[in-house]
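Worksheet for the structure shown next.
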Amino acid sequence: MNNLAQYLKREGAHLSVIEEQEIKKLQTALKSLWVNIAIYLLITLIEYWLAAIGHSQALRADAMNNLSGVISTLFLIVGLHTATDSDDHFLVGKRIPLLNGRNDDRMQLSRFRMATIFTLITSFIIIFIAGQIIFQGARDMYTAGISHHPNRYSALGAGIATVLMAVVCYFNYHNGKRLNNAVLSAAAKDSMGDVVTSFGTLVTVLMAFGFKVPWIDSTVSIIIGFFVLWSGLVIFQECTLNLADYVDPDLEQRIKTAIIQFDEVHQIMAFRSRYNGDVLIVEMLIMVDANMDVMTLYDLTERIEKQLERQFQIFDVTTQAVPDPGEVSH
């Protein structure tokens, strides 16, 4: 009984360490997202102001694109705050009671998934904003050049936005790679698209202003709208796959190959993997020697768990075993 208590204590401490590391990464990502919001908001305000006095629909569309970044980042912050909050929360329920002195990790795992849920909500907002941009751009196509042409103030706004978005992109990429955090890596990809969009807006405004062809301005605003729409749809797809417990089949095959490398594992009878937020969880049923004693089986499952954690950064592995019917002693 003492051995069991020591095992449960050691296993609980190990999971707590991994859990704490993941929470610290999310907290660092949370700070980075606040920086993102500050810069996105600054860019949005500058672009809206200069779009108004510069008469550029493309710059206004780019401002709307960056406004979607502000809104989406706010939702991500709420999701990450829920994931890292240690108190009871109305979104994920009350803390689950201790079992044999161990914390049940279902509460924290449900918190990790909240980041994905809020990201999914963000995708709907981005898609809605994209529709607004496309509609406004199409409407202005009919009045392009009648009253106003884009001017140098519009070009200034697009130039400032391009530089600031490049800073945000580098910041997100660097921290995402350092923390191995999917939220920041996704934000880096999104901000890279915003850099391209802002630079394209700059070129468009300069062409419309220099060549006196105002319809280009409205045309590019529609293109920006479709770009924002595509970004929202990509985020929607990734989140729904995550919430539907989809894991890359190639990754699952590599994990199975690593498991079957253990000589004691005769066959993998069942295998299931899923994501909770950024963390990967694996459950499996393996076939082993029918005469294997409990301590040998325990040692095997421990070695498998450590190997998968080291090789694939898997958060938790649940292993069940069945005897090989061909080796059952009669």
Side-chain angles (χ1 to χ4, degrees), residues 33 35-75 122-123 125-141 143-145 147-173 186-211 213-235:
L33 290 178
V35 175
N36 277 16
I37 278 198
I39 299 178
Y40 265 110
L41 195 56
L42 176 63
I43 295 172
T44 301
L45 292 174
I46 290 174
E47 286 192 317
Y48 260 115
W49 174 53
L50 292 178
I53 64 176
H55 312 300
S56 172
Q57 182 58 31
L59 186 61
R60 187 175 291 109
D62 195 40
M64 289 286 287
N65 177 38
N66 291 321
L67 178 62
S68 73
V70 174
I71 297 172
S72 63
T73 305
L74 277 173
F75 272 93
T122 298
S123 70
I125 296 173
I126 293 175
I127 291 170
F128 174 77
I129 290 176
Q132 294 285 91
I133 295 172
I134 294 170
F135 174 78
Q136 185 68 35
R139 190 181 66 176
D140 286 359
M141 279 284 288
T143 60
S147 56
H148 298 289
H149 295 271
N151 59 36
R152 66 190 67 185
Y153 293 107
S154 302
L156 175 63
I160 293 173
T162 302
V163 173
L164 291 178
M165 284 311 310
V167 172
V168 172
C169 181
Y170 174 78
F171 182 74
N172 288 336
Y173 174 78
K189 293 177 182 177
D190 185 49
S191 51
M192 172 58 76
D194 291 334
V195 172
V196 175
T197 303
S198 295
F199 181 73
T201 302
L202 173 61
V203 174
T204 299
V205 170
L206 288 175
M207 288 179 63
F209 173 67
F211 296 102
V213 187
W215 60 266
I216 295 179
D217 185 64
S218 298
T219 302
V220 170
S221 72
I222 296 174
I223 294 173
I224 291 173
F226 279 108
F227 173 78
V228 175
L229 176 63
W230 175 77
S231 299
L233 291 174
V234 168
I235 294 172

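Only heavy atoms go into these numbers, but all of them, side chains included; no hydrogens, no water, no symmetry mates.
Heavy-atom minimum distance, Ala161 versus Glu47: CB-OE2, 3.0 Å. Minimum heavy-atom separation, Val195 to Ala166: CG2-N, 3.5 Å. Annotation for Leu206 and Ala155: closest pair CD2-CB, 3.7 Å, computed over non-hydrogen atoms.
Counting heavy atoms from C-beta outward, Val168 and Leu164 have side chains that stay 4.5 Å or more apart. Contact annotation: the side chain of Phe226 approaches that of Ile222 to within less than 4.5 Å [non-hydrogen atoms, C-beta and beyond].
The environment of Phe199 atom CZ is sparse: at most 12 non-hydrogen atoms of other residues, nucleotides or ligands sit within 6.0 angstrom. The number of heavy-atom neighbours closer than 6.0 Å to OH of Tyr48, taken from other residues, nucleotides and ligands shown, is above 12.
A distance of 12.0 Å separates CD1 in Ile129 from CD1 in Ile134, rounded to the nearest 0.5 Å. Atom CH2 of Trp230 is separated from atom CD1 of Ile126 by 11.5 Å, given to the nearest 0.5 angstrom. Atoms CG and OG1, on Asp62 and Thr162 in that order, are 7.5 Å from each other to the nearest 0.5 Å. We find the CG-CD1 distance between Leu67 and Ile43 to be 12.0 Å, quoted to the nearest 0.5 Å.
Under the side-chain hydrogen bond (donor to acceptor under 3.5 Å, both in side chains) criterion, Ser231 pairs with no residue, sequence neighbours left out. Every residue two or more places apart in sequence or in another chain that forms a side-chain contact (heavy atoms from CB on, under 4.5 Å) with Ala51 is listed here: Leu59, Arg60.
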Would Asn66 and Thr44 count as a side-chain hydrogen bond (donor to acceptor under 3.5 Å, both in side chains) if you check the C-alpha gap in whole Å, the side-chain angles of each, and the deciding distance to 0.1 Å? CA-CA 6 Å; Asn66 291 321; Thr44 301; 5.2 Å; no
